[in-house]
> 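Got a structure for you, questions after.
A, B, ... follow the sequence lines: proteins, then strands. Residue 1 opens every chain.
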Number of protein chains: 2
Amino acid sequence: MVNRIALFHGLPRGQIEEIVTTMADQTFDRGQTVLSEGETAEGFFVLVQGKVKIFKLSPEGKEQILHIVGEGESFGEVPMFAGGQFPATAETIEKSRIFFFPRAAFLDLIRKDPSVAMNMLAELSHRLRQLTRLVEELSLKEVPGRLAAYVLYLSEENNSAAEVELDITKGQLASLLGTIPETLSRILGKMSSQGIINVKGRKLKILDRNVLEELAVGGKFVI
Amino acid sequence: MVNRIALFHGLPRGQIEEIVTTMADQTFDRGQTVLSEGETAEGFFVLVQGKVKIFKLSPEGKEQILHIVGEGESFGEVPMFAGGQFPATAETIEKSRIFFFPRAAFLDLIRKDPSVAMNMLAELSHRLRQLTRLVEELSLKEVPGRLAAYVLYLSEENNSAAEVELDITKGQLASLLGTIPETLSRILGKMSSQGIINVKGRKLKILDRNVLEELAVGGKFVI
DNA sequence: CGGGTACTTGACAATGGTCAAGTGTGGTGG
DNA sequence: CCACCACACTTGACCATTGTCAAGTACCCG
């Protein structure tokens with residue numbers, strides 16, 4: 001199980017066995033909070049099975065999803081290295097199995113084995129790139145452009161297939177795109193009626209990839 | 001000089017001398033591009049003196065500043081650990097002196113000395129926290145709220161002084177707040193006319209901190 | 001089959017961007 | 001030392017995008 005975690009790739013068996021003795025193995029139902037923004041951290045988490053959303057809430061209750069954690073990915077490491085509290089909240093959106101690694105043992109491991117440090121540096125760098133892209137999308141593109149980029153991304157992930165399936169609800173997608181379900185629904189409707197995509201529940205079919213690509217780089221969306 | 005770089009704190013003298021032999025020392029005039037989004041990376045940079053903005057450009061030319069690099073800070077590390085290209089562009093906004101550290105020698109150093117890895121993990125974590133906050137601001141607050149948060153941040157940096165001075169132009173501040181100079185100008189004007197702040201060139205005086213704090217957490221701005 | 005959640009649709013309001021035309025203001029060269 | 005020029009900033013009129021509120025429909029799970 002631990003072997004499948006990217007963070008521990010290349011680690012000798014002995015050290016894996018050592019770190020396993022310190023970790024905790026927890027199961028969460030869907031909709032449970034794993035960690036809350038502002039909490040002090042005693043370690044970090046790895047999602048083994050299920051799905052977790054990392055998000056921020058505004059005082060008025062609007063939610064911005066920063067990231068959907070996939071299986072094998074870690075989260076909640078920021079305070080371990082930078083001190084302080086968690087910068088966002090993590091909540092399961094499916095029944096999930098999560099490993100918790102306490103701070104001290106993991107820091108020891110890093111000092112002993114540089115490959116863990118390198119893996120962690122790669123992971124954090126990857127996360128920085130994703131967040132950079134999120135800022136770009138939110139600030140420089142309108143909602144249709146963000147949606148187009150997301151649909152194309154889903155397609156790439158799937159060998160550029162024309163048919164893709166959302167693995168989150170449309171409401172969650174709206175929150176990930178920095179908008180609300182109503183707006184997303186309207187835009188999906190418009191794209192449908194213009195023959196750009198075909199929407200059937202969570203299944204999307206790309207009908208005109210060129211228009212999507214045009215939108216995704218910042219082009220305007222004419223009604 | 002190298003001693004003052006946070007990344008190398010705690011490093012024995014011998015290793016500092018070693019890394020110094022591999023680095024390049026460059027000077028840039030104001031307005032020069034240090035690295036461009038999409039370029040392949042051969043190393044990373046440390047700003048020794050001056051000021052650098054890290055930003056994204058939309059196809060229409062709108063700019064979103066992600067970060068203003070301060071003296072002693074590094075930038076451009078993401079591709080070193082995650083592979084690929086620079087996710088954003090870096091340009092000097094003042095005459096600057098910049099050290100460049102080639103990839104290979106630095107990776108060697110990390111493998112030899114875990115404290116450098118720890119410093120770098122702290123740096124990247126810190127950056128993740130900042131970007132998380134930027135996403136939050138852009139997505140969950142309106143411009144007056146972002147401005148209020150920025151002014152309060154400047155004040156904190158300065159022992160909560162009531163008088164603060166912008167160290168960037170208002171145009172750059174607009175880009176950092178995810179808006180345009182016109183909008184920023186109008187909001188500064190409104191805040192002024194309501195006695196919340198006093199604006200004189202780049203000098204701002206906080207007159208009503210409570211209102212600013214209210215705005216910064218997401219409160220509404222009544223005209 | 002029922003209940004709740006997810007989603008859709010409509011009318012409306014408002015934030016903030018665009019375009020255009022100024023008004024300073026600091027730095028440089030004559 | 002002053003005039004000029006470029007650039008930073010301001011202000012006004014307008015409008016597009018998107019959020020709010022409200023109501024209704026579809027759909028999945030138990």
> Taking only side-chain N and O atoms of A/Thr169, does any of them lie within less than 4.0 angstrom of OP1 or OP2 on C/dC7?
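Result: yes.
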> To the nearest Å, how far apart are A/Leu138 CG and C/dG17 P?
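Interatomic distance, CG of A/Leu138 to P of C/dG17: 13 Å.
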> Are A/Phe8 and A/Phe101 near enough that their ring centres are under 6.0 Å apart?
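Yes, ring centres under 6.0 Å apart.
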> Nearest whole Å is fine: how far is D/dC9 P from B/Arg202 CZ?
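Rounded to the whole Å, the gap is 7 Å.
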> Among A/Glu91, A/Glu71, A/Glu94, whose salt bridge (Lys or Arg N to Asp or Glu O under 4.0 Å) with A/Lys51 holds?
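Only one of A/Glu91, A/Glu71, A/Glu94 forms a salt bridge (Lys or Arg N to Asp or Glu O under 4.0 Å) with A/Lys51, namely A/Glu94.
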> Does this structure show an ion pair linking A/Arg186 with A/Glu182, if we count only N-O contacts that are shorter than 4.0 Å?
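Salt bridge flag = no for A/Glu182 with A/Arg186.
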> Which is more 5' along DNA chain C, the nucleotide nearest B/Ile187 or the one nearest B/Glu182? Just name the residue.
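That would be B/Ile187.
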> Roughly, in whole Å, what's the span from CG in A/Leu184 to P in D/dT17?
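Atom-to-atom, A/Leu184 to D/dT17, this comes out as 17 Å.
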> Side-chain N or O of B/Lys170 versus OP1/OP2 of D/dT10: is the shortest distance under 4.0 Å?
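Indeed, a polar side-chain atom of B/Lys170 lies that close.
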> Grab the CD1-C1' distance between B/Ile93 and D/dC7 for me, whole Å please.
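Distance, rounded to whole Å: 16 Å.
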> How close or far is atom C1' of C/dT25 from atom NZ of B/Lys200, stated in whole angstroms?
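Value for this atom pair: 13 Å.
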> Over all heavy atoms of both residues, which pair between B/Leu66 and B/Ala88 is shortest? Give the atoms and the distance, please.
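The pair with the smallest heavy-atom distance is CD1-CB, 3.8 Å.
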> Go nucleotide by nucleotide along DNA chain D from the 5' end; which of B/Gly189 and A/Ile180 gets its closest nucleotide reached first?
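In this pair, the answer is B/Gly189.
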> Could you tell me how the ring of B/Tyr150 sits relative to the ring of B/Tyr153: parallel (under 30°), tilted (30 to 60°) or perpendicular (over 60°)?
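Geometry flag for B/Tyr153 against B/Tyr150: tilted rings.
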> Between C/dT5 atom P and A/Gln172 atom CD, what is the distance in whole Å?
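Checked: the CD to P distance equals 14 Å.
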> Side chain of B/Pro144: nearest nucleotide among D/dT18, C/dG16, D/dG19?
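Closest nucleotide to the B/Pro144 side chain: C/dG16.
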> Can a donor-acceptor pair under 3.5 Å be found between the side-chain atoms of A/Arg186 and the base atoms of D/dT20?
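Flag set: donor-acceptor pair detected.
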> Under 4.0 Å: is that the gap between some side-chain N or O of B/Thr183 and OP1 or OP2 of C/dG16?
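So the side chain of B/Thr183 is outside the cut-off, no N or O lying under 4.0 Å from OP1 or OP2 of C/dG16.
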> Of the listed nucleotides (D/dT11, D/dT18, C/dT8), which one gets closest to any side-chain atom of A/Ser185?
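Side chain of A/Ser185 sits closest to C/dT8.
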> May I ask you to say what A/Gly145 touches in the nucleic acid, namely base, sugar-phosphate or nothing, with a heavy-atom cut-off under 4.0 Å?
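No contact.
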> Give the rounded distance in Å between these two atoms: CG of A/Leu188 and C1' of D/dA26.
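To the nearest whole Å, that distance equals 16 Å.
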> Between atom CG in A/Leu140 and atom C1' in C/dG16, what is the gap in whole Å?
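Distance check: A/Leu140 CG to C/dG16 C1' gives 15 Å.
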